[in-house]
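Beneath this line is the structure, given in structure tokens, with notes to follow.
Note on naming: letters A, B, ... go to the chains in the order of the sequence lines (proteins, then strands), and numbering restarts at 1 for each one.
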Amino acid sequence: MKPADTLRFAMRAATGYPLRTFLMVLAMSIGVAAVVVLTALGDGARRYVVNEFSSLGSNLVIVLPGRSETGGFNPANAVTSTPRDLTVEDGQALTRASAVLRIAPITIGTSEAVFNGKLRDVTIVGTTADYLKLRRMDLAQGRFLPAGEPNAAVAVIGATIQRELFGAGSAIGKVLRIGDRRVRVIGVLGSTGQGLGMNADEVVILPVAVAQAMFDTNTLFRVLVEAKGRALIEQAKGQVADILKVRHDGEEDVTVITQDAVLATFDRILGTLTYGVAGIAAISLAVAGILVMNVMLVAVTQRTGEIGLLKALGAEGAAIRNAFLAEAALLSAAGAVAGYLLGQAGAFALRTAVRVLPAYPPDWAVAAALGTALVTGLLFGVMPANRAARLDPVQALMKH
Amino acid sequence: MSLIELSGIERIFKLGDSEVHALAQLDLAIGAGEYVAVMGQSGSGKSTLLNLLGLLDRPDAGTYRFEGRDVTTLSADEQARVRRERIGFVFQSFHLVPRLTAAENVALPLMLAGIEPAERGRRVDKALQDFGLANRADHRPDQLSGGQRQRVAIARATIMEPAVLLADEPTGNLDRATGEEVIRLLEGLNAGGVTLIMVTHDAALGARAGRRVVMQDGRKVEDGR
């Protein structure tokens, strides 16, 4: 029997029982679709977080006040208190390090902004002129904070603040009241959207000294350091730690982390999550495989008379085994293709519903899902096919 | 040399503790081109004999020489090849594959033999023509009458031009007129040189055969022309 004939015969058998074939393909396609959609979700979450971190800027080294005992990134970093302040001067000193390109000190707080009777809660970021370049941000109008004037009464506002307080009119040159101070708006940031939960469109950026005075503090929330290149990140990290140790009387009371380390941690956690959901979804593929076996066993019983006839007509055992294997393979392949399309449609629906989530299934998951579907289908098809091939022709012919 | 030579054939079925001699001490020689009716009551062993002749079953003892070759010792796949090329089966219940058309059913043995589709189509068309089924080629079995179904089955049995045609009660599921038609068709094939061995319990039908073998309790009790 020629392979093309085996395939055609199996195809006729599959289409000869449409309901059974439809249900089988449905079961297999749900398994494949589950893997595709769930890995798309997991990988989408991973990409989302990685992108968010990347949008902080590149080649970043972040200095936090306080010492994390375990090292690395730790939620405790967010609430540490420190005996010695991380000051603007500390930040300034870091520019001397050979691997450091630029730095930006950051003080963060919330306050009220008032213009023309309109009041709004805003996030205040106190920083310096280099912040714009370091964060890779764009200005929509005006200019950014002037260099070397930490006490200037000026502000750069986010796109949302501009829209809500100034409406269609220009904000440049207007005087804004923030808390108990008056500042002149000199620039408006370009719209950037979300950035690690802090919406950059809703901030008011002030010179660092102004912000520190406003919140009555000497310590900084962070110092962002940009290394001169990707290869120099680790070197910059070491230099930053050394300089601050000297400035803080030999005590290591700051934590220096690299963006890469944070990224790698999230990448790992969410990557593992993706594998996890893929594994759970794969269970449905195994179930579908068992279903293939069941369906094929029923098919063998149902078509016992036909198998007897084929033997009487001179079909060898191999021809009958191949015909049933081909049928199992066709069912699985159809299920895999349908599931792939279904999964891609599901991922598309997910992306449409949650726009910020880049829910694309990773290639390995798609390949694994399709491969597993075909392999389980064939594997679970072997036993029924062998049973068919071994049937006694006389017994088989009597069942008609 | 006979086409078929059975000598000392035994076929024993075990039913629980008891043994049933379906065939016992059977010697039978059938020459090429003969028309043999195998007759007997149910349980006399005539179907077992037909299965054995068709290489669907193996004897427990004795030898079966087909066209001079001992076929009892062949492997299952070698026996399948002999069935495919030299033996045609016609069954009482037609045994057509319900999802395939008449033409596809007739083409089955050619497909199993790995013959090219073009050659297959040519031979199937001719066979359907010969058996008066040309306008039924694309009909499925459930769209055919009983007589047409048996004609499709006979076309299928003869498409490989076998040496012997084994028919098991070929008219059992047909009314008298259609049965008569089918028998004439089989006799026509026999007249063309094909050896015809037909199992039947219809005495009238048996009387038409050139030779009658009567079975009883697994033994040949009568063999005459």
Side-chain angles (χ1 to χ4, degrees), chain A residues 1-22 295 298-324 326-327 330-331 385-400, chain B residues 11 13 22 47-58 75-101 104-117 119-120 140-141 153 156-160 162 166 168 173:
Chain A
M1 202 163 164
K2 292 181 184 302
D5 286 327
T6 302
L7 210 61
R8 198 172 308 124
F9 187 80
M11 185 84 87
R12 291 298 299 267
T15 51
Y17 306 89
L19 181 63
R20 174 205 76 142
T21 299
F22 169 74
V295 162
V298 170
V300 170
T301 309
Q302 210 172 31
R303 281 185 252 155
T304 299
E306 179 186 322
I307 294 163
L309 168 78
L310 290 175
K311 291 201 157 187
L313 295 180
E316 285 135 355
I320 289 168
R321 182 167 54 244
N322 290 345
F324 276 88
E327 193 175 332
L330 276 176
L331 291 176
N386 279 337
R387 177 173 288 195
R390 279 202 305 268
L391 279 178
D392 174 54
V394 174
Q395 299 289 325
L397 272 171
M398 286 197 304
K399 295 218 179 88
H400 194 57
Chain B
R11 184 69 178 104
F13 293 116
S47 287
T48 308
L49 174 61
L50 203 71
N51 289 335
L52 212 106
L53 289 174
L55 294 176
L56 293 173
D57 201 2
R58 287 169 190 268
S75 74
D77 282 354
E78 285 167 330
Q79 289 194 334
R81 192 183 171 83
V82 174
R83 279 202 297 273
R84 194 161 69 215
E85 292 171 354
R86 308 303 295 156
I87 301 171
F89 288 92
V90 178
F91 305 96
Q92 178 177 359
S93 53
F94 322 131
H95 268 299
L96 299 178
V97 179
R99 60 175 183 279
L100 301 181
T101 64
E104 286 168 329
N105 268 290
V106 174
L108 271 178
L110 300 174
M111 186 181 82
L112 291 170
I115 288 168
E116 292 298 332
E119 164 78 6
R120 230 147 66 190
R140 284 203 314 274
R156 183 179 64 192
T158 52
I159 193 92
M160 291 292 286
L166 303 175
D168 190 359
N173 280 11

So how far is it from B/Leu108 CG to A/Leu309 CG, rounded to the nearest 0.5 Å?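 Atom-to-atom, B/Leu108:CG and A/Leu309:CG are 6.5 Å apart.
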Sort out for me which of B/Asp57, B/Leu100, B/Val82 touches chain A most, counting heavy-atom pairs under 4.5 Å.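 Most heavy-atom pairs within the cutoff with chain A belong to B/Leu100.
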Backbone N or O of A/Glu306 within a donor-acceptor pair of the B/His95 side chain at under 3.5 Å?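 Looks like no, no N/O pair under 3.5 Å.
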In terms of heavy-atom pairs under 4.5 Å, which option from A/Gly317, A/Ala312, A/Ala13, A/Gly308 contacts chain B the most?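 It is A/Ala312.
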So what's closer than 4.5 Å to chain A heavy atoms on [X]: side chain, backbone, both or neither?
X: B/Asn51; result: side chain
X: B/Ile115; result: backbone
X: B/Glu104; result: side chain

Considering only NZ, NE, NH1 and NH2 on the basic side and carboxylate oxygens on the acidic side, decide whether B/Arg58 and A/Asp392 come within less than 4.0 Å.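 Salt bridge flag = no for A/Asp392 with B/Arg58.
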Quick one: do B/Arg83 and A/Glu316 make a salt bridge, cutoff under 4.0 Å?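 Not counted as a salt bridge, because no side-chain N and carboxylate O are separated by less than 4.0 Å.
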Take atom [atom1] of [X] as the centre, draw a 6.0 Å sphere, and report whether it contains more than 12 heavy atoms from other residues, nucleotides or ligands.
X: B/Arg81; atom1: CZ; value: no
X: B/Phe13; atom1: CZ; value: yes
X: A/Arg387; atom1: CZ; value: no

Side chain to side chain contact (heavy atoms under 4.5 Å, CB included) for B/Leu55 and A/Lys311? Distances and angles first, verdict last. CA-CA 10 Å; B/Leu55 294 176; A/Lys311 291 201 157 187; over 6 Å; no
Nearest heavy-atom neighbours spanning [X] and [Y]:
X: A/Asp5; Y: B/Arg120; value: OD2-NH1, 2.7 Å
X: B/Leu112; Y: A/Leu310; value: CD1-O, 3.8 Å
X: B/Ala80; Y: A/Ala315; value: CB-O, 3.9 Å

Evaluate B/Phe89 against A/Leu313 for side chain to side chain contact (heavy atoms under 4.5 Å, CB included), listing each step before the verdict. CA-CA 7 Å; B/Phe89 288 92; A/Leu313 295 180; 5.7 Å; no
Tell me, with the steps shown, if A/Lys2 and B/Met111 meet side chain to side chain contact (heavy atoms under 4.5 Å, CB included). CA-CA 8 Å; A/Lys2 292 181 184 302; B/Met111 186 181 82; over 6 Å; no
Relative to chain B, which segment of A/Ala4 carries a heavy atom at a distance below 4.5 Å: side chain, backbone, both, or neither?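 A/Ala4 has no heavy atom closer than 4.5 Å to chain B.
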